[in-house]
Amino acid sequence: MSNPEQELIQTYFAPLAGDGAAGLMDDAATWVPAPGMDTVLSTDTLVAGVHFIGDEPADLIARKALRVNFSDLVAKGAAPCGYLVNLGLTTAQDHGWLKQFSEGLARDQEEFNCKLLGGDTVSTPGPLTLSITAIGEVPSGKVVRRGTARAGDVLYVTGTIGDSALGLEVLKGRCKSVDDAYLIDRYRLPRPRTECLPLIREFASAAMDVSDGLIGDLEQLCLASGVGARVNADLVPVSEVVGSLAALDPGVLIRALTGGDDYEILFSVSYKKADAFEAACTLDVHNIGELVDGTGVAVSTTAGEAIEFPSTSWSHFD
Ligand SMILES: [Mg+2]
């Protein structure tokens with residue numbers, strides 16, 4: 001006899017299950033990496049009211065949860081392959097919500113070529129909580145760490161920075177832009193930079209994804225590597241929308257550089273390889289500065305004016 005939890009799993013999640021998941025009818029799954037590949041694991045928890053607002057469409061909540069994990073894998077040079085999902089559901093998540101949630105997972109399984117391997121569901125008085133453990137693969141020995149940058153390395157970041165943080169401001173009614181829909185989309189649906197995997201594997205001396213704010217995350221990379229950094233704020237890529245907001249209010253740039261939720265890749269390349277990297281790179285990647293001897297992150301403009309930050313990243317513990 002099946003119980004309500006098993007019914008829910010069989011209805012919404014079993015159709016997403018991959019090889020090794022035993023149709024989600026067993027206690028555990030197996031994972032066998034492809035020959036010559038190492039398995040890379042990453043996990044992230046999203047709490048309604050903290051990491052997302054909570055009233056987003058369920059498919060977008062599912063896709064964001066998957067994508068923030070895939071972004072961590074990509075920063076390690078690993079391609080996403082599979083995942084486990086744990087759900088803490090409140091009474092507000094009815095069958096319609098679960099159907100939409102599983103459709104979001106299905107859509108991104110297709111886009112990122114990966115399968116569900118297992119998970120768990122529990123009831124909670126709230127808030128809605130979801131935790132994903134993502135499984136990726138990287139050629140053996142080629143995982144890219146945060147702690148392996150050297151002084152003299154050139155610093156790069158993918159895409160544009162600040163869209164998502166400003167998107168959240170728009171959703172909270174604290175900001176109005178020329179293209180609110182673009183900013184909100186960037187907040188709700190991160191784009192893991194899987195197209196950058198070959199370049200990260202070949203050229204990056206260290207890498208991480210930007211989740212808590214560019215400058216604060218760079219501080220973490222510097223700390224792990226035992227180096228300092230110099231960043232030219234004028235070189236940090238921003239979208240036209242954020243650029244037009246920043247032209248009106250200098251506080252917007254501070255928010256962009258420290259706001260987080262970008263899910264772009266921040267990485268360093270040895271100065272000896274930087275020319276070859278830039279020649280090989282046809283993607284949206286920007287040089288923003290360099291790593292130096294010492295500690296800490298110094299940010300200034302091209303004109304040499306120092307920029308100070310009240311706080312360099314978003315934190316649960318402030
Ligand atoms: Mg990360």
Side-chain angles (χ1 to χ4, degrees), residues 38-47 50-52 61-86 108 112 114 129-138 142-149 155-165 167-168 186-197 199-201 204-225 227 229 231 236-237 256-268 285 288 291 297 311-318:
D38 287 345
T39 304
V40 178
L41 304 170
S42 182
T43 191
D44 239 316
T45 301
L46 277 75
V47 178
V50 180
H51 302 96
F52 58 103
I61 294 174
R63 296 171 77 195
K64 180 165 184 174
L66 269 185
R67 286 167 180 235
V68 302
N69 279 280
F70 292 167
S71 176
D72 275 324
L73 292 179
V74 170
K76 303 300 99 190
C81 303
Y83 65 99
L84 299 104
V85 58
N86 291 314
D108 272 2
F112 294 96
C114 61
T129 303
L130 50 145
S131 179
I132 291 205
T133 299
I135 300 166
E137 289 186 358
V138 63
K142 295 285 186 189
V143 68
V144 181
R145 294 293 187 188
R146 287 184 187 183
T148 41
L155 260 184
Y156 297 90
V157 72
T158 62
T160 56
I161 294 296
D163 298 321
S164 184
L168 181 58
R186 288 277 284 155
Y187 172 73
R188 286 185 166 169
L189 196 62
R191 275 34 177 214
R193 296 298 178 191
T194 47
E195 70 274 21
C196 296
L197 275 173
L199 286 171
I200 290 167
R201 288 173 178 172
S205 58
M208 67 184 295
D209 75 330
V210 181
S211 53
D212 293 340
L214 176 68
I215 302 304
D217 284 342
L218 176 56
E219 286 176 344
Q220 296 304 312
L221 186 145
C222 285
L223 202 62
S225 292
V227 296
V231 171
V236 173
L257 293 172
T258 59
D261 259 338
D262 298 293
Y263 302 106
E264 298 292 349
I265 307 293
L266 171 68
F267 62 102
S268 56
V285 173
I288 59 166
L291 298 174
V297 175
S311 165
T312 51
S313 67
W314 186 88
S315 171
H316 310 273
F317 304 109
D318 283 347

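Since the model is a prediction, treat every value here as computed from it, not as a measurement. First listed ligand is number 1; within each ligand, the first listed atom is number 1.
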query: Around the Mg ion (ligand 1), how many protein N, O or S atoms are there at under 2.8 Å?
result: 2
- request: State which residues pass side chain to side chain contact (heavy atoms under 4.5 Å, CB included) with Thr158; sequence neighbours excluded, sorted by chain then number.
  value: Arg193, Cys196, Glu264, Ile265, Phe267, Val285
- request: Using the side-chain hydrogen bond (donor to acceptor under 3.5 Å, both in side chains) rule, pick out the option among Asp163, Asp261, Asp262 that qualifies with Arg186.
  value: Asp163
task: For Lys64 and Leu189, indicate whether the former's side chain and the latter's backbone hold a donor-acceptor pair under 3.5 Å.
output: no
- request: Indicate yes or no: does Asp217 engage Arg146 in a salt bridge with an N to O separation below 4.0 Å.
  value: no
With sequence neighbours excluded, residues passing side chain to side chain contact (heavy atoms under 4.5 Å, CB included) with Cys222: Leu218, Val227, Ala229, Leu291, Val297
- request: Sorted by first residue and then second, give each salt bridge (charged side-chain N to carboxylate O under 4.0 Å, His left out) pair with at least one member in residues 65-74; sequence neighbours left out.
  value: Arg67-Asp108, Arg67-Glu111
